[in-house]
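Inspection log for the structure reproduced underneath, given as C-alpha cells.
Keep in mind the model is a prediction, meaning the values are calculated, not measured. Just so you know, residue 1 is the first one in the sequence shown, and it goes up from there.
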Amino acid sequence: MIRVKLISILVNDQDRARRFYTDVLGFRIKHDVSLGEAAWLTLVAPDDVNGVELLLEPTGHPAAAAMQQALHNDGIPLAQLYTDDIAAEFAQLKAKGVVFRDEPKTAGPTKFADFDDTCGNLIRLVEG
C-alpha cells in the first residue's frame with residue numbers, strides 16, 4: 001500500500017514560514033532539526049499529530065525559486081489545505097491579517113479561497 005506521510009511546501013523564508021504556519025494557520029511543529037542555515041521543519045494539524053506532515057522546504061535551488069515565483073505570478077496555488085467550514089475559517093484568517101485574493105468561490109461542488117502565505121506561495125483553502 002502506498003500512502004502520503006509527508007508533503008513539501010517551498011518557502012522563501014523558513015523562519016517567516018514557521019511563524020505564519022504555526023501562529024496564523026495553527027499548525028503544530030513536529031520536527032525542527034537545525035541543518036545549518038536551514039532546518040528539517042515539519043508541521044502537523046493540531047488535531048492529527050500522527051497525520052501527514054507538512055515540510056517547510058527552503059527554496060535553495062534556483063529551479064525551486066523560479067518555479068515558486070512563476071506559479072505565484074500566474075496565480076496558481078502551490079498546495080491545498082482543507083477546512084470543514086470555509087466561511088468561518090476565511091473570517092478568522094482575514095481577521096489575523098491573511099491576504100486572500102478574493103472572497104470564497106464555488107466551482108461545482110467545491111468551495112475555495114486562495115491566500116498568500118507570506119513565503120512566496122498562493123495556498124488554496126478548500127472546504128471539504
Side-chain angles (χ1 to χ4, degrees):
M1 176 188 312
I2 298 174
R3 61 185 164 269
V4 176
K5 296 291 275 178
L6 182 132
I7 187 104
S8 296
I9 289 189
L10 298 170
V11 295
N12 58 19
D13 184 317
Q14 205 176 39
D15 289 329
R16 186 170 53 236
R18 176 187 289 109
R19 288 187 304 275
F20 182 81
Y21 280 82
T22 58
D23 297 346
V24 178
L25 298 184
F27 284 92
R28 290 180 51 192
I29 294 173
K30 183 155 187 177
H31 300 285
D32 190 355
V33 180
S34 178
L35 300 171
E37 292 183 23
W40 177 259
L41 179 59
T42 68
L43 311 173
V44 292
D47 64 344
D48 192 9
V49 296
N50 294 314
V52 175
E53 292 179 52
L54 181 63
L55 173 63
L56 300 180
E57 181 89 39
T59 54
H61 190 282
M67 182 190 83
Q68 181 193 45
Q69 186 174 22
L71 290 174
H72 191 278
N73 290 347
D74 289 346
I76 300 170
L78 180 70
Q80 296 186 88
L81 301 176
Y82 286 77
T83 182
D84 292 331
D85 184 345
I86 197 161
E89 199 72 45
F90 178 85
Q92 290 172 3
L93 292 176
K94 200 162 181 176
K96 290 181 176 182
V98 174
V99 177
F100 284 87
R101 292 182 62 111
D102 208 345
E103 298 289 318
K105 297 180 181 182
T106 300
T110 304
K111 293 179 185 176
F112 68 93
D114 297 340
F115 66 87
D116 188 318
D117 76 349
T118 73
C119 306
N121 303 302
L122 292 176
I123 303 294
R124 179 159 286 170
L125 182 63
V126 179
E127 184 175 282

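Heavy atoms only, all atoms of each residue included: S8 and E57 are closest at OG-OE1, 3.6 Å. Residues P58 and A38 approach most closely at CG-CB, 3.7 Å, considering heavy atoms. The two residues A79 and I9 have their closest heavy-atom pair at CB-CD1, 3.9 Å.
For D116, the salt bridge (Lys or Arg N to Asp or Glu O under 4.0 Å) criterion is met by no residue, not counting sequence neighbours. D47 meets the salt bridge (Lys or Arg N to Asp or Glu O under 4.0 Å) test with no other residue; sequence neighbours excluded. Scanning for side chain to side chain contact (heavy atoms under 4.5 Å, CB included) contacts around E103 gives F90, K94, with sequence neighbours left out. Taking the ring pair (Phe, Tyr, Trp, His ring centres under 6.0 Å) definition, one finds that F115 meets it with F100, sequence neighbours left out.
I86 and V24 fall within a single hydrophobic cluster, where Ile, Leu, Val, Met, Phe, Trp and Tyr side chains are chained together by heavy-atom contacts under 4.5 Å. Note: the hydrophobic cluster containing F20 also contains L71 (ILVMFWY, side chain heavy atoms under 4.5 Å, direct or indirect links). A continuous path of Ile, Leu, Val, Met, Phe, Trp and Tyr side chains, each step under 4.5 Å between heavy atoms, connects L93 with L81, placing both in one hydrophobic cluster. Under the 4.5 Å side-chain heavy-atom criterion for Ile, Leu, Val, Met, Phe, Trp and Tyr, M67 and I123 are members of the same hydrophobic cluster. Note on W40 and L10: separate hydrophobic clusters, where clusters join Ile, Leu, Val, Met, Phe, Trp and Tyr whose side-chain heavy atoms are under 4.5 Å apart, directly or indirectly.
Looking at Q14, its side chain does come within 3.5 Å of a backbone N or O of L56 through a donor-acceptor pair.
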Side chain to side chain contact (heavy atoms under 4.5 Å, CB included) for V11 and T59? Distances and angles first, verdict last. CA-CA 6 Å; V11 295; T59 54; 5.9 Å; no
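In this structure the side chain of N12 reaches within 4.5 angstrom of the side chain of C119, judged on heavy atoms. Within the 4.5 Å cutoff, the side chain of L6 has no heavy atoms near those of the V52 side chain.
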Can you give each donor-acceptor pair under 3.5 Å made by side-chain atoms of residues 25-32, sequence neighbours left out, with the distance rounded to 0.1 Å?
from : atom 1 : to  : atom 2 : distance (Å)
K30  : NZ     : V49 : O      : 3.1
D32  : OD1    : R18 : NH2    : 3.1
D32  : OD2    : R18 : NE     : 3.2
D32  : OD2    : R18 : NH2    : 3.3

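Remark: L78 CG to L122 CG distance equals 9.0 Å, nearest 0.5 Å. Atoms NZ and CG, from K111 and D85 in turn, are 8.0 Å apart once rounded to the nearest 0.5 Å. Taking OH of Y21 as the reference point, atom CG of L43 lies at 9.0 Å (rounded to 0.5 Å). Separating the CZ atom in F112 from the OG1 atom in T83 is a distance of 15.0 Å, to the nearest 0.5 Å.
Remark: K105 NZ is loosely packed, at most 12 non-hydrogen atoms of other residues, nucleotides or ligands lying under 6.0 Å away. Enclosure of atom CG in D48 by more than 12 non-hydrogen atoms of other residues, nucleotides or ligands within 6.0 angstrom is indicated. Remark: I76 CD1 is packed, more than 12 non-hydrogen atoms of other residues, nucleotides or ligands lying under 6.0 Å away.
Within the structure, every pair that satisfies the side-chain hydrogen bond (donor to acceptor under 3.5 Å, both in side chains) test and touches residues 119-128, not counting sequence neighbours, is listed here: Q68-N121, D114-R124, D117-N121.
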